[in-house]
Amino acid sequence: MDNKSGTFWLEVEKKWQDAWGKENIFQAKEDPKKKKCYVLEMYPYPSASFLHVGHVRNYVIGDVFARFKRMSGFSVLYPMGYDSFGLPAETAAKKEGIHPRIYTEDSMKKIMGYQKALGNSYDWSRTLASHEPDYYKWNQFFFIKMLEKGLAYRKKAPVNWCETCQSVLANEEAEGGKCWRCQNEVVKRDMEQWFLKITDYADRLLADLDKIQWPERIKTMQRNWIGRKEWIDIDYKIDGAKESITVSTTRPDTNFGATFVVMAPEHPLLSKEKNLVPADRRKAVDDYIKLAQKKTDEERIAEGMKKTGVFTGLYCVNQLTKKKMPIWVTDFVLLNVGTGAVVGVPGHDIRDFEFAKEFGLPVIRVVVGKDGDKSEITKKEQVQEEEGTMINSGFLDGMNIHDATKKVMDYLEEKGWGRRTIRYKIRDWMISRQRYWGTPIPVVYCDKCGVVAAPEKELPVLLPEKVNFKVTGNPLATSEEFVNTKCPKCKGKAKRETDTMGGFVDSSWYFLRYCDNKNKTKPFDEKKVNYWVPVDQYIGGAEHAVMHLIYARFFVKVLKDFGYIKFDEPFQKLFNQGIVYKDGAKMSKSKGNVVFQTDISAKYGIDTARLFLMFVSSPDKQMEWSDEGIEGSSRIINRFFRVAEKIKSVKSDKKTISKLNMAIKEAGNNVDTFDYPKSIIAISDFLNYLDSLEVVPKDSFETLLKIVSPFCPHMAEEIWHELGNKSFVSIAEWPKFDEKLIDVQFEKIDSVIYSLRSDIIRVKQLAKLEKVTKVKLFVAPEWKWKALGIVQSVCKERPDFGAAMKALMADAEMKKRGGDVPTFLKTAMNRLSETSGLAKFDEVAVLNSAKPALEKEFGVVEIIKAEDSKEVKAKNAFPGKPALLIE
RNA sequence: GCAGGGGUUCCCGAGCGGUCAAAGGGGCAGGACUUAAGAUCCUGUGGCUUAGUGCCUUCGAGAGUUCGAAUCUCUUCCCCUGCACCA
């Protein structure tokens, strides 16, 4: 048969997509009788350009999962929507004069069209877009609730400012001092900003990571981001003054090696008001402070930077050593880390070492590392920061650094010199953005009443349509009618907040809105949300590991505390798909290595693309696109049509049934773990088998169509209907397999091993229960080692056997016999019976020809022989299963 | 440096104690079909050998555990991905 052409597919795809839509077969319903399954892909930013194969892959990963779950009897919610607020629309408005709303809605229409062409089983009736007032109204609603509870607040803070984007960025968006969007340098600026108190939830965000099944990598990233650490704040009394200086550290174990104290230039103790710095040092200190203030944090702590600082003229005493330590000021110490003062341990901290070298301060070794070097520390390479044993540290000597840390913390607390403190790295979530295209923050500033929230019934505070996009800065501030308003409290004149919320607010709860997307009076109906959420399977890119995924978790916890929902984690399971590469690089327009959805579907049809993308590598791995590779998938699809022509209404024979059950088992069992390639291999193996038959039984082929339908829904639907079926295969019941019908004799070696493994397990269990009184083991010579393995497994479970076996194995004579395997096994087994005194293994026999003996014993043994040795590859024929008889 | 994940036969990629010279796909070679291409289908694809078969070498490198290792342990080299003068 000829290949199906692109036009053929275009027609077929449209036909079934329309039919599915018309019958609403993918509509999600809350069905109390069924188990629910919420499958969710991270909602995309609506870009107007075509989907490339990387996008296709992402969407299809979810669709296969959703389709499989639906067929398996779950009530499935599988929605799609759009993260439609954001900078690109605003940039377009500035550049091309198109209104962001028009631009966005146009893009949405396009991307929706491309997505629909994939044939994904989304419930389109539940779609949403974050720029719609019906949606962002609830952002404002939640914001006001948080404001009432003190979870939202405004403060002046040094923030990350991106010149290019003319906006503030969250910490998460400015990692490494670069803007996550434009990659430009981020500068620090003091501005009034709105924050959400995510730090209040740091503990729960950390602890609850244990409740969810996420990739370890993502969890680790979140743990690092939250950065919970146990610190100890130690007070050192300043000589000749009432005040103490409080330093903070997570590593007090090395404090016997402390030789100085350093503090941040902004430290309050240095202020003129405190008047602690001796007069002769005052000028030097002030000059230094001025110098330091000109630098950004990044400059101050940049690697390889020469250490600078001045002596303050002050001293304090290290209680542990009773030694006097000079107090210095330096800019590598940051005020907002710990207490803004650090005890200098130059022997075991690179920064301290560099500082000590620079200013001739003493260096003491208190830790000996793996290398055993105990000499004086004079070189940077000798500075031991990790792992080691304490020396020169009084009562800590000989302990490893971790034990020493605990011990010294206890000691310091006991003496009243220090206090343990839990500190987190995570900072409050800054949500203000000086942009138009986002949710307006619903507050006004009144001269009399101060900050006043918009009353609930006035929500949403709508974005004004008419604004000037040509200005630098926030276009929203140009709308007089928006800015000038009345105070809801005193009805006097007031100004509206012109900052909008960052997009991560939108994406923190959109998955709740899908459950009830048309609700006009509430963000969602609690019952519906509690039915569907938590999301059972969330699918998306790993780039959201800390931002979106931590904010959404925070939001859900807050909403739970508010009593809206009953769960406290939004996403039970998380799956990160890999990126598709081509020519060694990510697909991007600028590199010109983009393969579009349409490039493939126009030639082979979208199902071929789906099959290829799911087949060629595991969805979590990155994959390299190859134009040649797709031919293989195309062949599989064509083979389906070819095999379908051989269909007759005949009964499937035993072998076919066995193979079919095998295929169902493999195809289904690998979906939950996203081992799609394995599923497809099982499917194509069975297809190839059917192809080898003269006549293909209809029932078996139809079952095959069911199991392939999640991957290639259009093809499956087309052939299904060609065969005269009236229903949709897309919502057919996933076939059940019967392990008993899978006859290992028909299967390949792999499966034999598999079944043998279950035998082993069974024997193990029985052995544990001490029910085994007799084990007869018949093996073909080919299986001798395997059989020995079984015996060993049993012995591990039964100490009485085990001892005997051990003795046996230690026997030199036996070792010698190792080469002669059948004899070895036979002797081993017999000896084992003797020495164990239990004689539990009897009639051990290694059969040179397995067949007759097995037949005699069990009656039913059939050994497949290559009917014609020329036709059947030797490796595919197998001589007989080892048999275990347990009495 | 820390944390997470990897290195498999020409390529991609499975396997994770014994039927493993290692699934599947691609590529390549040969064959069938065709006037010919294309498509499709079969066969082969580490080396040496046989009528079936057997033997040797191979899963980054080295060592170990085991009767037996691509699979387990240790050491080592390399690659990717996050985090980072966080005290």
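Please read all numbers here as calculations on a predicted model, not as lab measurements. Protein chains get the first letters and strands the later ones, always in sequence-line order, with residue 1 at the start of each.
- Contact check, Lys678(A) against G15(B): a side-chain N or O comes under 4.0 Å of OP1 or OP2.
- Rounded to the nearest Å, the gap between the C1' atom of G30(B) and that of G17(B) is 39 Å.
- In a base pair of the Watson-Crick type (N1 to N3 plus N6-O4 or O6-N4) or a G-U wobble (N1-O2 and O6-N3), with each distance short of 3.5 Å, G64(B) is matched with C72(B).
- Applying the Watson-Crick and G-U wobble criteria (two distances, each under 3.5 Å), U45(B) pairs with G27(B).
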Please report the C-alpha distance between Phe711(A) and Phe615(A) in whole Å, then the side-chain angles of each, then the deciding distance to 0.1 Å, and finally whether the ring-ring contact (aromatic ring centres under 6.0 Å, His included) criterion is met.
-> CA-CA 9 Å; Phe711(A) 298 96; Phe615(A) 182 31; 9.5 Å; no
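- The separation between Arg223(A) atom CZ and C83(B) atom P is 17 Å, rounded to whole Å.
- Heavy-atom nearest nucleotides on RNA chain B were determined for Lys229(A) and for Thr220(A), and the one closer to the 5' end corresponds to Thr220(A).
- Between Arg639(A) and the phosphate of C41(B), there is a side-chain N or O to OP1/OP2 separation shorter than 4.0 Å.
- A distance of about 15 Å separates the P atoms of C77(B) and A61(B), rounded to the whole Å.
- Contact annotation: the side chain of Leu206(A) approaches that of Arg223(A) to within less than 4.5 Å [non-hydrogen atoms, C-beta and beyond].
- For the pair Arg642(A) and C41(B), the criterion of a side-chain N or O lying under 4.0 Å from OP1 or OP2 is met.
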Where do Phe359(A) and Trp328(A) land on the ring-ring contact (aromatic ring centres under 6.0 Å, His included) test, with the steps shown first?
-> CA-CA 10 Å; Phe359(A) 298 105; Trp328(A) 287 62; 4.7 Å; yes
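- When each of G24(B), C86(B), A87(B) is scored by its nearest atom to the side-chain atoms of Phe615(A), the top-ranked nucleotide is G24(B).
- Comparing C16(B) with A22(B), their P atoms sit 16 Å apart, to the nearest whole Å.
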Phe575(A)/Phe674(A) under ring-ring contact (aromatic ring centres under 6.0 Å, His included): CA gap, chis, key distance, verdict | CA-CA 9 Å; Phe575(A) 181 82; Phe674(A) 293 94; 3.9 Å; yes
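- Atom P of nucleotide G25(B) and atom CG of Asn688(A) are separated by 7 Å, given to the nearest angstrom.
- For A39(B) and U45(B), the C1' atoms lie 23 Å apart once the distance is rounded to whole Å.
- Here the separation of G44(B) from G26(B), taken at their P atoms, is 15 Å to the nearest Å.
- Nucleotide G52(B) has no partner under the Watson-Crick or G-U criteria, as no pair reaches both atom distances under 3.5 Å.
- Across every strand in view, A36(B) sits unpaired, with no contact that passes the Watson-Crick or G-U test at under 3.5 angstrom.
- Taking only side-chain nitrogens and oxygens, Arg635(A) never comes nearer than 4.0 Å to OP1 or OP2 of G25(B).
- Remark: P of G82(B) and CH2 of Trp214(A) are 18 Å apart, rounded to the nearest angstrom.
- Nucleotide A3(B): paired with U81(B) (Watson-Crick or G-U wobble, both distances less than 3.5 Å).
- Heavy-atom nearest nucleotides on RNA chain B were determined for Gly632(A) and for Thr249(A), and the one closer to the 5' end corresponds to Gly632(A).
- Spacing between atom CE of Met547(A) and atom P of C83(B) amounts to 9 Å, rounded to whole angstrom units.
- In terms of the salt bridge (charged side-chain N to carboxylate O under 4.0 Å, His left out) criterion, Lys406(A) has no residue partners (sequence neighbours excluded).
- With rounding to whole Å, Met221(A) atom CE is found 7 Å from G82(B) atom P.
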Any chance you could lay out the side chain to side chain contact (heavy atoms under 4.5 Å, CB included) test for Asp352(A) and Phe260(A), step after step, and finish with the verdict?
-> CA-CA 9 Å; Asp352(A) 294 351; Phe260(A) 58 92; 4.2 Å; yes
